[in-house]
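First up is the structure itself, then whatever we jot down about it.
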Amino acid sequence: MKKVYFLIFSLIIISCENTQKNKIMPLVTIEKKAFGRTLDGVDIDQYILKNRNGMEISAINYGGIITSWKAKDREGNYKDIVLGFNKLSEYETESPYFGAIIGRYGNRIAKGKFTLNGEKYTLAVNNGKNHLHGGLKGFDKVVWDSKEVVEDMTASLVLSYVSNDMEEGYPGNLEVQVIYTLNNNDELSVKYEAVSDKTTIINLTQHSYFNLSADFNKNILDHDILINADSFLPVDSILIPTGEIRNVGDTPFDFRRPKNVGEEISNSNKQLMIGNGYDHCWVLNNQDQGLRFVASAYDSGTGRLLEVFSDQPGIQFYSGNFLDGTLKSKIGGIYDFRSGFCLETQHYPNSPNEKGFPSVNLNPGEKYMTETIFKFSSK
Ligand code: GLA
């Protein structure tokens with residue numbers, strides 16, 4: 001009898017220990033370390049979000065930049081698939097928005113001018129005659145407050161920033177939050193929230209440059225892209241949409257079935273010539289469905305598949321045409337022409353000046369809330 005009691009007692013102890021172990025070994029973690037100091041002396045931290053499979057995403061509170069993102073190939077190897085730098089100073093001085101949060105307005109606003117409720121506004125002009133990606137010091141170049149939140153199945157980095165009234169020319173004090181959440185399905189959700197005390201305009205996005213081969217010395221022309229869009233926005237010579245919404249049928253802009261980026265990129269097509277490749281906003285299908293599948297990218301060499309889900313009406317597919325070999329890669333070597341691509345979910349460029357485009361206005365009392373999910377798998 002004593003033996004039976006002892007056995008039951010031992011089993012209880014073992015099962016308690018296992019429960020303890022499960023508690024001690026969370027399925028997702030966040031590690032925080034120092035990343036560097038900005039040129040004006042602010043210490044910047046790096047947060048490493050890890051899930052139980054091996055996906056690892058590092059982000060810093062300067063610009064909310066995703067500095068590294070390890071995703072698995074078909075053999076199960078997790079490797080870094082985003083372009084970036086090793087040093088903070090490189091992000092501060094020469095980055096073409098690698099991995100950054102973009103705001104207040106992602107993409108271009110013609111001549112930096114728009115009218116809102118009868119008031120004329122002039123934004124910082126930083127791209128020829130135009131305003132691009134929030135101006136001279138957009139959200140990609142500010143220091144965000146940061147907070148880690150670990151729950152049973154998710155690890156989140158909550159980034160907050162208050163953009164003052166008239167910062168870069170935008171009206172209203174804007175309180176912004178961007179939340180990166182990693183789960184155990186190899187998905188990163190990016191949630192954007194904002195409120196303003198005056199009517200303003202807003203169009204936030206994430207500017208990671210992917211190269212799913214994990215070999216930044218290779219270009220991305222052999223990736224297969226799919227964009228769930230029946231039309232796109234043709235642009236003028238300075239990449240401002242003309243206002244026309246053009247059907248993709250019989251054009252190199254038809255990505256409704258997976259197509260190699262390189263397949264038609266060199267076709268003699270006026271729009272491709274203007275963009276020096278793909279650098280356009282697609283008008284996504286099923287806009288009334290909220291969060292839905294919008295695009296994917298696949299690298300047949302390694303088997304990595306990225307699927308993008310979003311509630312946004314548009315997506316800028318940029319084939320890295322301004323990369324020209326002058327920036328040094330974080331793995332040694334250089335970032336050559338088209339060595340990375342971006343899939344920036346967003347509202348259409350220059351919306352404040354196009355009545356036919358969905359509104360980007362945010363009024364006091366309203367809450368701007370949008371979400372995009374980047375899901376990785378391999379096949
Ligand atoms: C966006 C734009 C491009 C370019 C890059 C940054 O994707 O559409 O034209 O400005 O950002 O280099």
Side-chain angles (χ1 to χ4, degrees), residues 63-66 82-85 90-112 123-141 168 190 203-211 216 219-220 223 225 227 229 232-242 253 261 265 271-284 294-295 297 308 310 312-327 329 334-351 357 360 372 374:
I65 294 171
I66 294 178
V82 288
L83 278 53
F85 299 114
E90 294 171 289
Y91 283 111
E92 285 187 273
T93 56
E94 53 187 14
S95 180
Y97 307 95
F98 281 161
I101 294 167
I102 305 296
R104 294 191 194 188
Y105 198 95
N107 221 314
R108 294 176 174 79
I109 294 179
K111 298 185 183 135
L123 302 171
V125 163
N126 60 329
N127 183 248
K129 287 183 190 157
N130 300 324
H131 176 87
L132 173 69
H133 291 340
L136 295 165
K137 189 170 178 180
F139 291 176
D140 58 302
K141 293 185 188 68
E168 300 297 306
V190 187
N203 186 28
L204 305 181
T205 190
Q206 220 292 333
H207 210 295
S208 283
Y209 285 66
F210 299 99
N211 184 327
F216 305 135
N219 66 38
I220 49 83
H223 284 51
I225 297 285
I227 304 175
F232 78 107
L233 302 174
V235 288
D236 67 12
S237 63
I238 51 169
L239 300 175
I240 298 291
T242 58
F253 292 81
V261 178
I265 202 168
Q271 284 300 315
L272 285 172
M273 271 152 42
I274 294 175
N276 199 20
Y278 296 105
D279 191 358
H280 297 76
C281 186
W282 270 254
V283 174
L284 291 165
V294 294
V308 184
S310 182
Q312 291 294 282
I315 196 166
Q316 184 85 4
F317 169 46
Y318 169 56
S319 53
N321 316 306
F322 289 113
L323 298 172
D324 60 3
T326 50
L327 298 175
S329 133
I334 50 160
Y335 291 124
D336 220 335
F337 191 44
R338 298 177 180 158
S339 54
F341 68 88
C342 304
L343 286 170
E344 306 155 49
T345 53
Q346 57 189 242
H347 269 251
Y348 311 159
N350 200 31
S351 297
F357 290 178
V360 289
T372 291
F374 298 93

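Values below: all heavy atoms of this structure, side chains included; hydrogens, waters and symmetry mates excluded. Heads up: numbering here begins at 1 and tracks the sequence. Whatever order the structure lists them in is the order used to number ligands and atoms, beginning at 1. Since this is a predicted model, take the numbers as computed values, not measurements.
When heavy-atom distances to ligand 1 are checked against a 4.0 Å cut-off, Tyr209 comes that close only through its side chain, counted from C-beta outward. Contact annotation for Leu132 and ligand 1: only side-chain heavy atoms (C-beta onward) come within less than 4.0 Å of the ligand.
Under the side-chain contact (heavy atoms from CB on, under 4.5 Å) criterion, Asp324 pairs with Thr326, sequence neighbours left out. The side-chain contact (heavy atoms from CB on, under 4.5 Å) test applied to Asn211 returns Leu83, Ser213, Phe216, Ile220, His223, not counting sequence neighbours.
Two rings, from Phe253 and His280, have their centers less than 6.0 Å apart.
The protein heavy-atom contact nearest to atom 9 (O) of ligand 1 is Asp279 OD2, 2.4 Å. Among protein heavy atoms, atom 1 (C) of ligand 1 sits closest to His133 NE2, 3.2 Å. Nearest protein heavy-atom contact of atom 10 (O) of ligand 1 is Arg108 NH2, 3.3 Å.
Note: Tyr318 and Tyr209 have perpendicular aromatic rings, judged against thresholds of 30 and 60 degrees for the angle between ring planes.
Residue Gln316 has at least one heavy-atom neighbour below 4.0 Å for each of these atoms of ligand 1: 8 (O). Short contacts between ligand 1 and His207, defined as distances under 4.0 Å to a heavy atom of the residue, involve ligand atoms 1 (C), 5 (C), 7 (O), 11 (O). Counting atoms of ligand 1 from 1 in the listed order, those under 4.0 Å from a heavy atom of Tyr97 are 6 (C). With ligand atoms numbered from 1 in the order given, ligand 1 contributes 1 (C), 7 (O) to contacts under 4.0 Å with heavy atoms of Glu344.
When each of Leu233, Ile240, Leu132, Leu239 is checked for a side chain to side chain contact (heavy atoms under 4.5 Å, CB included) with Pro349, only Leu233 meets the rule.
Between the side chains of Asn203 and Arg104, not a single donor N or O lies within less than 3.5 Å of an accepting N or O.
The nearest pair of heavy atoms linking Pro96 to His207 is O-CE1, 4.1 Å.
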